[in-house]
Amino acid sequence: MKLSVQTSPVIEKLGVKAGLKAIKDAGFDGVDLNLDVLYPGGDIFHNKTSEFFDSREQIEKYIKEVNEARSEYGIEILQCHGPFPIAQFKPDNINDYLFETLVKSIEICARVGCNKIVVHPAGNGSARYPTPLAEEWRVSMNVYERLIPTLKKYRVICCLENMWKQDWRTKLIYAGICDDMKDVCEHIDKLNKMAGEELFGFCLDTGHLLLVGADIYDAVMTLGKRLKAFHIHDNDGVNDQHITPYLGRGNWDRFCLAVHDSGYRGSLSFETSNTINVLFCRDELIPMALRMTRDIGVFFNECIASMNKK
């Protein structure tokens with residue numbers, strides 16, 4: 001299977017062209033293009049608008065830079081990641097504005113040769129002051145349904161993702177929206193029925209599963225053909241660390257078994273930003289950090305392939 005890694009923080013540190021070259025030089029086939037860093041969640045929470053998404057000139061420049069780099073270095077954009085949160089639950093929200101940034105994100109995704117974008121469901125992230133799950137789903141489904149014409153226009157698959165929430169006082173983590181995989185399947189099937197075709201799927205985040213104590217094998221097998229992408233990363237089971245597998249406490253043998261038994265044949269995409277931001281924080285170490293993560297991907301492919309021989 002093809003191997004990819006998120007572009008954040010490599011592009012932020014090196015720029016679009018040098019960043020994509022560094023990822024290709026490390027041996028990756030492609031990337032998960034982080035459009036979310038172009039409109040940070042902190043700005044969204046404070047009802048700030050995005051200079052990038054407000055500027056057609058900046059959007060066109062970004063698309064041109066990405067396309068020139070992927071053409072020159074032969075690297076694929078295997079999936080994209082849209083801005084989040086996708087909606088606010090407070091009266092002074094900017095939900096219509098957020099929706100338009102998602103529309104523009106889908107356009108960017110298609111124009112850099114990609115057919116999958118990860119769009120988080122709406123959730124406030126607080127286990128101490130939670131929004132009812134039914135309300136989170138209502139708001140999320142409204143956004144996803146409104147995206148159908150844009151997804152049809154650009155032939156892009158929208159991937160939901162499993163989330164978590166935390167009691168910020170006790171630091172305890174709880175299951176969030178999209179953590180019940182049977183519930184997820186029902187909502188994805190409903191969205192695809194609305195669309196009249198397969199425009200929605202799922203991006204399974206391995207680190208988020210670990211935080212809520214869910215089994216990777218059961219999740220993969222329950223999702224079945226709805227599984228279109230991965231966010232692969234590890235943690236200590238307590239914090240959302242986003243580090244390379246085997247640096248945390250994930251059960252990676254079970255991950256490989258799940259991928260094998262499910263027949264998944266998409267890419268293996270690593271969302272391991274803090275391997276670079278925290279563990280290998282000097283810019284000179286970026287190539288080493290990327291190669292280590294890529295080598296783990298090669299190891300995963302070898303493990304999965306060896307199961308076919310048994």
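All of these numbers come straight from a predicted model, not from anything done at the bench.
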Any side-chain donor paired with an acceptor under 3.5 Å for [X] and [Y]?
X: T131; Y: N124; value: yes
X: N192; Y: E198; value: no
X: D205; Y: H233; value: yes
X: Y154; Y: N115; value: no

Taking atom NZ of K61 as the centre, report whether more than 12 heavy atoms of other residues, nucleotides or ligands fall under 6.0 Å from it. no
Taking the side chain as C-beta and beyond, is there a heavy-atom pair between [X] and [Y] under 4.5 Å?
X: D43; Y: S50; result: no
X: T293; Y: F28; result: yes
X: R128; Y: T170; result: yes
X: M181; Y: L209; result: yes

Is the distance between the ring centroids of [X] and [Y] under 6.0 Å?
X: F52; Y: Y39; answer: no
X: W164; Y: Y174; answer: no
X: F230; Y: F270; answer: no
X: H231; Y: H208; answer: no

Can you tell me which residue among [options] is in a side chain to side chain contact (heavy atoms under 4.5 Å, CB included) with [X]?
X: V10; options: I23, V31, V16, N34; value: I23
X: N235; options: H242, R249, Q241; value: Q241
X: F280; options: L290, I286, L285; value: L285

When you measure from the side chain of [X] to the backbone of [Y], do you find a donor-acceptor pair of N or O atoms at a distance under 3.5 Å?
X: Q166; Y: K171; value: yes
X: N274; Y: N277; value: no
X: Q6; Y: S8; value: yes
X: S105; Y: T101; value: yes
X: D236; Y: G248; value: no
X: Y144; Y: V119; value: yes
X: S262; Y: G224; value: no
X: D54; Y: E51; value: no
X: R294; Y: G27; value: yes

Stepwise side-chain contact (heavy atoms from CB on, under 4.5 Å) check, F300 with C256: CA-CA 6 Å; F300 282 167; C256 290; 3.5 Å; yes
Apply the test side-chain contact (heavy atoms from CB on, under 4.5 Å) to residues I108 and F53: give CA-CA distance (whole Å), side-chain angles for both, the deciding distance (0.1 Å), then the verdict. CA-CA 11 Å; I108 294 169; F53 282 103; 4.2 Å; yes
Under 4.0 Å between a Lys/Arg side-chain N and an Asp/Glu carboxylate O for [X] and [Y]?
X: E186; Y: R226; value: no
X: K21; Y: D25; value: yes
X: R111; Y: E107; value: yes
X: E68; Y: K17; value: no
X: K228; Y: E161; value: no
X: D29; Y: K24; value: no

Less than 3.5 Å apart, which donor and acceptor atoms pair up between the side chains of residues 146-153 and the rest of the protein, not counting sequence neighbours?
residue: K152; atom: NZ; partner: A195; partner atom: O; Å: 2.7
residue: K152; atom: NZ; partner: E197; partner atom: OE2; Å: 2.8

